[in-house]
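Note that this is a predicted model, so its numbers are computed, not measured. When a ligand or atom number is given, it counts from 1 through the structure's own listing order.
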Amino acid sequence: MDIVVFGAGSLGSLFGALLARASEHDVTLVGRDPHVAAIRESGLRVTGTDSFTVYPKATTDGTGLAADLALVTVKAFDTEMAARELATGSFRAVCSLQNGMGNEATLARHLDCPVLAGTTSYGAARRDPGEVEWNGQGDLAVGPWEPTDADETAAAVGEAFAIAGVPATVETADEIRRELWRKLAVNAAVNPVTALTRVPNGALGASPGVDLVEPIAREVASTARAVGVAIADEEAVGAVDEVVVATAENDSSMRRDIERGGRTEIDVISGYVVDRADAHGVEVPTNRTLWTLVRTWESARGLRDPASSTDSRPPSTRETESLKAPGGDERV
Ligand code: PAF
């Protein structure tokens, strides 16, 4: 399969490398220099869980590309840019493997091909140009974002991962939607707390950290139920516990964002929870506090645009307001 991985950050580089290991796949990574220049010169080196070097194509220009599949792995605040660039090319399917909610809606607005949603708990970190550290085997699930006829496309994408030795669960639109909300509970609990306290994920497995993350997960579960996605409190809490244990040594992506002084994905994680909760009259005080704290940090560093009228509420809201699933509930 011809595969474009749009966003050669940690996760994109890892999945690009894993897919490029299979001789059946022709992989092109879209990223930035000096990472792209290093890959072109000496290949992409994976260390950690397994060590190997692959030689995918790599480019800094995401326009005019053509492939069977585009995997989107950019930060959520770059999804609009990615969608616009991908729209100048031609793809049989596009699959978001990003954190947060609303990415698929943005992709669908710009692209004609089927849009798939994906969730993953694979751990990866980028250190030097041309290298990515693989921090443990995680789970991967893909499914059609909307309940259309994209089930076959999702199966083909699952098969493409399986050929490369990456087991992927293929789900229906409703199942992947539940997965997105479960992953939202994980990201809402783990990311802002580890980012603000600068601790590895494992620190949230015991008191006092666990006393904070459990209410966060419960608030997300209440919000999910309010929008029509049946997730029990204990399921959301269990999903967080599982990831905290599986990624105990890892630094969350939001902690890494804050430590490098960059913008975070808080709006499409905690901000999304607050927005949906407000729309449905659900109380989410812990998520609201974390959203405010991280936004305060971003504002103080000039990472948010105070002049923009759209900047004070989560981008996901703007993307979902007009999107209603057949049952009347919102699609993310
Ligand atoms: O954003 C992250 O860091 C990851 O999604 C996760 C699963 C929380 C592990 O660190």
Quiz item: Is Asp278 salt-bridged to Arg288, cutoff N-O under 4.0 Å?
Solution: yes

Quiz item: Which residue holds the protein heavy atom closest to atom 7 (C) of ligand 1, what is that atom called, and what is the gap in Å?
Solution: Val243 CG1, 3.7 Å

Quiz item: Where on Lys183 is there a heavy atom closer than 4.0 Å to ligand 1, on the side chain, on the backbone, on both, or on neither?
Solution: side chain

Practice problem: For atom 10 (O) of ligand 1, find the nearest protein heavy atom and state the residue, atom name and distance (0.1 Å precision). | Solution: Asn201 ND2, 2.9 Å

Exercise. For the pair Asp68 and Arg92, find out whether any cationic side-chain nitrogen is under 4.0 Å from an anionic carboxylate oxygen.
Key: yes

Exercise. Please list, chain by chain and in numerical order, all residues satisfying side-chain contact (heavy atoms from CB on, under 4.5 Å) with Glu85, sequence neighbours excluded.
Key: Phe6, Thr63, Met81

Quiz item: Does Asn187 have a non-hydrogen atom less than 4.0 Å from ligand 1?
Solution: yes

Quiz prompt | Top protein contact for atom 8 (C) of ligand 1, by heavy-atom distance | solution = Asn191 OD1, 3.3 Å

Quiz item: Between Thr120 and ligand 1, is there a nitrogen or oxygen pair with a distance under 3.5 Å?
Solution: no

Quiz prompt | Backbone or side-chain N or O of Ser253 under 3.5 Å from ligand 1 N or O | solution = yes

Quiz prompt | Sub-4.0 Å heavy-atom contact, Arg256 with ligand 1 | solution = no

Exercise. Look at Lys183 together with Glu179 and state whether they make a salt bridge at an N to O cut-off of under 4.0 Å.
Key: no

Quiz item: Looking at ligand 1, does any of its N/O atoms fall within less than 3.5 Å of an N/O of Asn99?
Solution: yes

Self-check item: Phe15: ring pair (Phe, Tyr, Trp, His ring centres under 6.0 Å) partners, not counting sequence neighbours
Solution: Tyr122, Phe161

Practice problem: Determine, for Arg178 against Glu235, whether the closest basic-nitrogen to carboxylate-oxygen distance falls under 4.0 angstrom. | Solution: yes

